[in-house]
Amino acid sequence: VIQGSWLDTETLIIAAGPASAHIQELDEAAIKLVSHFIVDSLTQAPYEAGDINISVDKGLLHWDQVSELSTLVSSKHTSKQMPGSIYVKLMGTGLADVAAAKLVYDTAKERDTGDLIML
């Protein structure tokens, strides 16, 4: 659904699509551009995060490159956001993902930052 050619730097993708270990929402070019992969649960991700599973199987990604959302938003996360980073949040409750996307959209619009595209 989301192609790498559509992505620019400093992008956040919240993918709230099918919960299947065998379905992708990002093409291979997009996967290669993503800086940070985020899931709701590292335990559940192998059963639901097709983008990650397929990419791991192809050797494009390793599970140690995936962060859990709770760690990312807490003080436990030690990496810093780098300029030009592309984040993708995969799997989860669709309603929560849409609410998070709306919050990011409203905040960016209020601050007049970035190009905003809601798909």
Side-chain angles (χ1 to χ4, degrees):
V1 174
I2 297 174
Q3 300 176 17
S5 62
W6 299 349
L7 302 180
D8 198 357
T9 58
E10 298 184 7
T11 299
L12 170 66
I13 301 166
I14 299 178
S20 171
H22 307 292
I23 297 176
Q24 283 185 266
E25 293 181 282
L26 284 77
D27 72 0
E28 195 169 300
I31 292 291
K32 290 178 180 178
L33 292 172
V34 172
S35 316
H36 304 278
F37 291 87
I38 306 156
V39 296
D40 288 344
S41 166
L42 287 170
T43 304
Q44 193 65 24
Y47 305 103
E48 296 185 18
D51 290 286
I52 295 172
N53 285 315
I54 293 167
S55 298
V56 167
D57 288 347
K58 290 182 176 180
L60 302 173
L61 178 66
H62 298 277
W63 279 105
D64 61 359
Q65 295 172 272
V66 180
S67 299
E68 196 163 271
L69 182 60
S70 62
T71 302
L72 184 70
V73 297
S74 73
S75 60
K76 297 175 189 173
H77 189 71
T78 57
S79 71
K80 301 205 183 246
Q81 181 178 351
M82 301 299 293
S85 295
I86 297 176
Y87 286 77
V88 64
K89 198 292 198 165
L90 300 163
M91 67 177 274
T93 306
L95 182 58
D97 290 339
V98 171
K102 177 82 165 97
L103 176 63
V104 170
Y105 177 85
D106 289 345
T107 302
K109 189 173 179 182
E110 179 182 298
R111 295 180 184 172
D112 193 29
T113 58
D115 296 322
L116 304 171
I117 300 171
M118 299 266 306
L119 301 172

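Position 1 is the first residue of the sequence, and the numbers go up from there.
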Partners meeting side-chain contact (heavy atoms from CB on, under 4.5 Å) with A49 (sequence neighbours left out)
A45, I52, M91
Within the side chain of S67, is there an N or O that forms a donor-acceptor pair under 3.5 Å with the backbone of I38?
no
What is the minimum heavy-atom distance between S85 and S35, and which atoms define it?
CA-OG, 3.4 Å
Distance, nearest 0.5 Å, that separates CG of N53 from CD1 of I23:
11.5 Å
For I2 and E25: C-alpha separation, side-chain torsions, deciding distance, then whether side chain to side chain contact (heavy atoms under 4.5 Å, CB included) applies.
CA-CA 6 Å; I2 297 174; E25 293 181 282; 5.6 Å; no
Apply side chain to side chain contact (heavy atoms under 4.5 Å, CB included) to the pair L7 and I13, showing each step before the final yes or no.
CA-CA 9 Å; L7 302 180; I13 301 166; 3.7 Å; yes
According to a 4.5 Å side-chain heavy-atom criterion applied to Ile, Leu, Val, Met, Phe, Trp and Tyr, with indirect links allowed, do Y47 and L61 form part of one hydrophobic cluster?
no
How close do Q65 and H62 get, counting heavy atoms only, and between which atoms?
OE1-N, 2.7 Å
Could I get the full list of side-chain contact (heavy atoms from CB on, under 4.5 Å) partners for I54, not counting sequence neighbours?
Q24, K58
To the nearest 0.5 angstrom, please state how far the CH2 atom of W6 sits from the CG atom of L33.
13.5 Å
Minimum heavy-atom separation for E28 to L60, with atom names?
CG-CD1, 3.4 Å
Taking only residues two or more places apart in sequence, or in another chain, which ones meet H22 in a side-chain contact (heavy atoms from CB on, under 4.5 Å)?
S20
